[in-house]
Protein chains: 2
Amino acid sequence: MVRRVITLLRRRGYKVTPQRRAILRVIVDSQEHLTPADIYERAHKEYTGIGLVTVYRTLDILDKLGLICEVHAEDGRRSYLLTRPSEHHHHLICSDCGKVVDFTGCRLGELEKRLSRETGFEVESHLLEFIGCCPSCQKAAST
Amino acid sequence: MVRRVITLLRRRGYKVTPQRRAILRVIVDSQEHLTPADIYERAHKEYTGIGLVTVYRTLDILDKLGLICEVHAEDGRRSYLLTRPSEHHHHLICSDCGKVVDFTGCRLGELEKRLSRETGFEVESHLLEFIGCCPSCQKAAST
DNA sequence: ATTCTAAATGAAAATCATTTTCATTTACTA
DNA sequence: TAGTAAATGAAAATGATTTTCATTTAGAAT
Ligand SMILES: [Zn+2]
Ligand SMILES: [Zn+2]
Ligand SMILES: [Zn+2]
Ligand SMILES: [Zn+2]
């Protein structure tokens, strides 16, 4: 996985630095969605000579290459980063603890067509998120 | 319209100040979606003694009362404010000029049920936005 | 292996929207 | 009319992200 990304980076003309390796390893190793700060913290343990700025810059590249995607946090505004390149999918986010679950099958094609027809917009993409309370936070709340 | 909101504010224990009146008038008068800064700028013309902070605070209240709603800007992150209390609806946003069009009928109930079933989440709400290019920007692009 | 150069890095400063603080003012209630 | 909690605004604080710029370095060329 890491090797594949590294090859892609080289092919696209990006240099492969120890910082980028460290960041990649963190992202690939994690099953969860991480903020730039999270990634910085973890990568820093593995490779001390790394700065938060570099994390931001590397994430930009990975995003541009479609290797990672974003979550808009449940409190609105700030956008967070998440791992896992994959097919078209969306997020279900716990408003309590921030846990993120991916899901596929949004089936928004028809709605998109309708909107195009009605408004004349050329629709390019969509953002869909469900906000709710995850099982463990439900339990915690009911005790 | 303005009067209705004012009554509601009083009923809920909020005081009605000239600043709030000015902000309200701006929001009600506008057909477009405005940022706090936009609203501040306009309200300031009408009533000089007003600060941006008050705009933020008033918008919070109006949001809490469900009288206005938010748009998450197409560039990601920053959240913008928009007018018009209304039924459940979503936004179609032009990635070029920022124009926002409302639409209703998202029909996400079934998907919501499926997700609840599959993940155990108690789904509370959802965020749906379509991003695209509006008719006038399409024209502009093709010239 | 050595050299060369554009790309990458990080510390620090800059941005910029939003929030907090706090002293002062004011809308409403009694 | 007076009393009080709520509201206000100036200024400072926050906090995430971006920019700047001097220095380092990956990878290509020799
Ligand atoms: Zn949770
Ligand atoms: Zn989708
Ligand atoms: Zn447009
Ligand atoms: Zn909906």
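Numbers restart at 1 for each chain; the letters A, B, ... are given by sequence-line order, proteins then strands. On a predicted model such as this, the values are computed, not experimentally measured, just so you know.
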Could you check whether the rings of Y40(A) and H44(A) sit parallel, tilted or perpendicular, using 30° and 60° as the cut-offs?
->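 If you compare the ring of Y40(A) with that of H44(A), the planes turn out tilted.
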Can you tell me the distance, in whole Å, between the [atom1] atom of [X] and the [atom2] atom of [N]?
{"X": "Y40(A)", "N": "dA16(D)", "atom1": "OH", "atom2": "P", "result": "13 Å"}
{"X": "D60(B)", "N": "dA7(D)", "atom1": "CG", "atom2": "P", "result": "12 Å"}
{"X": "Q19(A)", "N": "dT25(D)", "atom1": "CD", "atom2": "C1'", "result": "9 Å"}
{"X": "L59(B)", "N": "dT8(D)", "atom1": "CG", "atom2": "P", "result": "12 Å"}
{"X": "L9(A)", "N": "dG27(D)", "atom1": "CG", "atom2": "C1'", "result": "14 Å"}
{"X": "I23(B)", "N": "dG9(D)", "atom1": "CD1", "atom2": "C1'", "result": "12 Å"}

Which of these nucleotides, [options], is closest to any side-chain atom of [X]?
{"X": "R57(B)", "options": "dG10(C), dG27(D), dT21(C)", "answer": "dT21(C)"}
{"X": "R20(A)", "options": "dA11(D), dA7(D), dA8(C)", "answer": "dA8(C)"}
{"X": "Y56(B)", "options": "dA26(D), dA27(C), dA17(C)", "answer": "dA17(C)"}
{"X": "Y14(B)", "options": "dG10(C), dA7(D), dT9(C)", "answer": "dA7(D)"}
{"X": "K15(B)", "options": "dT26(C), dT9(C), dA6(C)", "answer": "dT26(C)"}

Phosphate contact (dT8(D) OP1 or OP2) by T17(B) side-chain N/O below 4.0 Å |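 Answer is yes, contact under 4.0 Å.
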